[in-house]
Amino acid sequence: MPMILSAWICVSRKELFMLKPTFLSVCASWALFLGLIGSAVHEGRAAGAYTENPGTEGDGDFTIGPDYKIDPDLTDKGNPNPKGKSFELSMPLADSKIFRGDDKTLEPEKKAVRKARKLFDSEPAAFQDGAKAPVLVMHDGPSHLDQVRNALGNLTISKDPNRSLPAFIVIAVENGGNDGKKSERGLEYDTLSDRYARFINDEVFPAVLQSPEIKAAYPHLAITDNPWGRATPWVAAPGARRR
């Protein structure tokens, strides 16, 4: 095959008769050289055909267990400690400057786009109004917000220094709708740029801080400027990976 291809490259042009004998000789030499290499490679492959014998070790069915049990700190222990406060907001997509739900890449007739997305804000009882607070942003809100609230309630009052959490704000953000290619959710989570980060910083945070209901409960609520105080968990279905 290399010989045929090389010969074709050398003699297929109309300018063949205008070529100098020396050039044609060079082309012919290269064609012969490549042809010999191709023949040798083919024979080598035929002589050393790949074989595999995986054996039977490890075959069979295996049960992975025991069944996963939710950590007690992720449950409502029913302790007498006061509960934190929770709020639910709504953000119309049409009011957004970043994710309006009208990108040309979307197919809303096949994958519906929400008219508005919900925001879920939560502060544990140990949270003190006034200081700039750390914040945890959760995607696909409300997601597992109930377990996170329980963890905050239990671990912010924990006496165990090795098993405690500082008080911080949790904001769970609902996606824009549907999933996969040409969906609003896919656009938000799969776009390789700072677009979604800007959406959180420039629109979600201000929506929470300017909420009349939240401001009534926490008049001096503020979010830290320290990047180490801003976290986002990424959970891959079915929740096996987190970073």
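Nothing fancy with the numbering, it's 1 onward along the sequence. Please read all numbers here as calculations on a predicted model, not as lab measurements. All values below were derived from every heavy atom in this structure, side-chain atoms included, with hydrogens, water molecules and symmetry-related copies excluded.
A side-chain donor-acceptor contact under 3.5 Å links Ser183 to the backbone of Gly180. Distance alone, capped at 3.5 Å, is enough to place a donor-acceptor pair between the Thr75 side chain and the Pro72 backbone.
Under the side chain to side chain contact (heavy atoms under 4.5 Å, CB included) criterion, Asn201 pairs with Phe205, Arg230, sequence neighbours left out. The side chain to side chain contact (heavy atoms under 4.5 Å, CB included) check on Ser86 picks up Ser122, Arg149, with sequence neighbours excluded. Every residue meeting the side-chain hydrogen bond (donor to acceptor under 3.5 Å, both in side chains) condition with Asp103, not counting sequence neighbours, appears here in chain and number order: Arg195. Partners of Lys132 under the side-chain hydrogen bond (donor to acceptor under 3.5 Å, both in side chains) rule, at least two apart in sequence or in another chain, are Asp225. Scanning for side-chain hydrogen bond (donor to acceptor under 3.5 Å, both in side chains) contacts around Asp140 gives Asn175, Arg185, Tyr189, with sequence neighbours left out. Scanning for side-chain hydrogen bond (donor to acceptor under 3.5 Å, both in side chains) contacts around Ser96 gives Glu203, with sequence neighbours left out. With sequence neighbours excluded, no residue forms a side chain to side chain contact (heavy atoms under 4.5 Å, CB included) with Ala112. Take Glu109 and apply the side chain to side chain contact (heavy atoms under 4.5 Å, CB included) test, not counting sequence neighbours, and it matches Glu107.
The ring-ring contact (aromatic ring centres under 6.0 Å, His included) analysis of residues 101-123, with sequence neighbours excluded, yields no pairs. The salt bridge (charged side-chain N to carboxylate O under 4.0 Å, His left out) contacts involving residues 118-131 comprise Glu88-Lys118, where partners must be two or more places apart or lie in separate chains. Residue pairs meeting the ring-ring contact (aromatic ring centres under 6.0 Å, His included) criterion with at least one member in residues 210-229, sequence neighbours excluded, are Phe127-Tyr218.
Looking at heavy atoms from C-beta onward, Asp202 lies out of side-chain contact with Lys97 at the 4.5 angstrom threshold. At least one side-chain heavy atom of Val113 sits under 4.5 Å from a side-chain heavy atom of Glu184. With a 4.5 Å cut-off on side-chain heavy atoms, Leu119 and Glu174 do not count as touching. In this structure, Ile214 and Leu209 have side chains that are not in contact, with every pair of non-hydrogen atoms separated by 4.5 Å or more. At a threshold of 4.5 Å between non-hydrogen side-chain atoms, the residues Ser90 and Arg117 do not count as touching. Counting heavy atoms from C-beta on, the side chains of Tyr196 and Leu187 never come closer than 4.5 Å. For the pair Asp95 and Arg100, the minimum side-chain heavy-atom distance is 4.5 Å or more. Lys215 is not listed as a side-chain neighbour of Leu221, based on a closest heavy-atom distance of 4.5 Å or more.
Nearest approach of Val208 to Leu89, heavy atoms of both residues: CA-CD1, 3.9 Å. The heavy-atom pair separating Thr224 from Gly229 by the smallest distance is CG2-O, 3.6 Å. Residues Ala151 and Leu74 approach most closely at CB-CD2, 3.7 Å, considering heavy atoms.
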CA sep, side-chain torsions, deciding dist, call: Asp190, Lys181, salt bridge (Lys or Arg N to Asp or Glu O under 4.0 Å): CA-CA 9 Å; Asp190 300 338; Lys181 293 182 178 180; over 6 Å; no

Determine, stepwise, if the pair Phe199 / Val204 fulfils side chain to side chain contact (heavy atoms under 4.5 Å, CB included). CA-CA 6 Å; Phe199 169 67; Val204 171; 3.6 Å; yes

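Remark: Lys111 does not engage Asp179 in a salt bridge, criterion side-chain N to carboxylate O under 4.0 Å.
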Output a table of donor-acceptor pairs, distance under 3.5 Å, between side-chain atoms of residues 158-172 and any protein atom two or more places apart or on a different chain; print 'none' if there are none.
from	atom 1	to	atom 2	distance (Å)
Ser158	OG	Asp160	N	3.1
Ser158	OG	Arg163	O	2.8
Asp160	OD1	Asn162	N	2.9
Arg163	NE	Asp73	OD2	2.6
Arg163	NH2	Asp71	OD1	2.8
Arg163	NH2	Asp71	OD2	2.7
Arg163	NH2	Asp73	OD2	3.1

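Applying the 6.0 Å contact sphere to NZ of Lys85 captures no more than 12 heavy atoms from other residues, nucleotides or ligands.
Taking CG of Asp102 as the start and OG1 of Thr105 as the end, the distance is 10.0 Å to the nearest 0.5 Å.
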